Number of protein chains: 2
Amino acid sequence: MKSKRQLQKENTRKKILETAYQIYSEQGFSATTAVIAKEAGVSHGTIFVHFSSLDELLCCLIQDFGDVLGSEIHQQSETKDNIEELLKAHLDVLARYEKFYIRLIAERSLLPEDARLTFSNIQSIAAYHFNKVFERENNIKNLPVHRLFNTWMGLVHYYLLNKDLFSPDTPVLERYGSELMETFLELIKR
Amino acid sequence: MKSKRQLQKENTRKKILETAYQIYSEQGFSATTAVIAKEAGVSHGTIFVHFSSLDELLCCLIQDFGDVLGSEIHQQSETKDNIEELLKAHLDVLARYEKFYIRLIAERSLLPEDARLTFSNIQSIAAYHFNKVFERENNIKNLPVHRLFNTWMGLVHYYLLNKDLFSPDTPVLERYGSELMETFLELIKR
DNA sequence: CAACTCATTGAGTATGTACTCATTGTAATT
DNA sequence: AATTACAATGAGTACATACTCAATGAGTTG
């Protein structure tokens, strides 16, 4: 049985993480502790009671996010056994976290080392499922699977990173998801 | 006839811009004025004699760079009339400015508005030449040219942005340029 | 209910960095 | 030669932001 205090502490921590997720999604990772604290409804100092530094908060957040995203991609991909469904599942998951995911890939170069690892992990999970499905397929271009995978990732990320050009107001994947799939499927067809 | 003073002033300005280009290429755009001044061998305040703010320096630099890169891509592409040569010319130019170009696409989201426009212009020039060459070609997949272009750009940028994974020590395009071309050419083949 | 624990507070500190400006020395002008 | 113009200087300022810590008051314990 948890005491009232423990619960409150956990709630505060969770509240900070959730708020940071929202703020970072909207403003990018240069958002300040002051903004996060205010929005979370806690005092400035409280953040540093729960996290020893901004970097640690960032790492926890991205780690958590990576875990969720990774497991979602895994789950969604697990049951798919044709390429089209796999791509669709992939895009569906990304679409659900689009804003944060864009920030992640757009500002990756400025993030702490740990955060980049998280990102690599997500890629690995996706790559794994790609391999499984693509190897079985034989009506596609004869290219190493990892090159096809990189082409797909490149295409998706290119649209996400250039959201301001492609789709400034509505989510990119909502608007262009099917076009991306269509293009890729057409390209890999033998 | 330019006076000694004018010449010195122009030289100093040029020196600052060149140094900034080098420093930003190595350290990214979060490098400080102090570092640039020191490396350029001028005092801190001199930077602000020539540029009213860091943002202005950045914009001048990126503008100049965009002009050079754009005109090089234009020149190199002008004479090419088959896809393979065009892709090669494109990669050759990018390879020559690889470090700076990577910083540009990696940190684009944090750059001032003007800088992003520059980037769009470069893309437009490349897109123009793509159109010219691709329209003539008829042994390729039946997809709108802009989608093929985006696929190519996505693929190239994906490798550049993940240089730390693909090729941490040597330039990415030197190592993977031909693989990228080969992949793309195979994909678009009907 | 008294003593104690501890999550929270927020004014205060430390640090980093863009930008200023009075001063200086050299080139241009008279 | 004397005067003026001005490029360059660098110590100093303003400001933003991560992080600290003594004080607080509600929760827990005996």
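All figures in this text were calculated on a predicted structure; none of them were measured in a lab. Order of the sequence lines sets the chain letters (A, B, ...), proteins ahead of strands, with each chain counted from 1. The basis for the numbers below is simple: all heavy atoms, side chains too, and nothing from hydrogens, waters or symmetry mates.
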- Item | Side chain of B/Thr32 - closest among C/dA28, C/dA18, D/dT28 | C/dA18
- Task: Could you tell me whether the side chain of B/Ser167 and the main chain of B/Lys163 form a donor-acceptor pair under 3.5 Å?
- Result: no
- Once you round it to whole Å, what is the distance between P of C/dG25 and NZ of B/Lys4? 18 Å
- Message: When you measure only distances, ignoring hydrogens and angles, does the side chain of A/Arg5 come within 3.5 Å of the base of D/dT28 through a donor and an acceptor?
- Response: no
- Task: Report the distance from atom CG of B/Leu57 to atom P of C/dC19, rounded to the nearest whole Å.
- Result: 10 Å
- Message: If only side-chain N and O atoms count, and only distance matters, is there a donor-acceptor pair under 3.5 Å linking B/Asn162 with A/Arg116?
- Response: no
- Query: Sub-3.5 Å donor-acceptor pair from the side chain of B/Gln6 to the main-chain atoms of B/Ser3, do we have one?
  - Reply: yes
- Please work out whether the ring planes of B/Phe119 and B/Tyr101 are parallel, tilted or perpendicular, with thresholds of 30° and 60°. tilted
- Task: May I ask you to decide if the ring planes of A/Trp152 and A/His90 are parallel, tilted or perpendicular, using 30° and 60° as cut-offs?
- Result: tilted
- Residues within residues 35-53 of chain B bordering DNA chain D, heavy-atom distance below 4.0 Å: B/Val42, B/Ser43, B/Gly45, B/Thr46, B/Val49, B/His50
- Task: Using atom CD of A/Gln27 as one end and atom P of D/dA16 as the other, report the distance to the nearest whole Å.
- Result: 16 Å
- Euclidean distance, atom CG of residue A/Leu7 to atom C1' of C/dT8 [Å, nearest integer]: 16 Å
- Task: Let me know the distance between CG of B/Leu54 and P of D/dA14, rounded to the nearest Å.
- Result: 20 Å
- Task: Measure the distance from CG on B/Leu58 to P on C/dA18 and round it to the nearest whole Å.
- Result: 11 Å
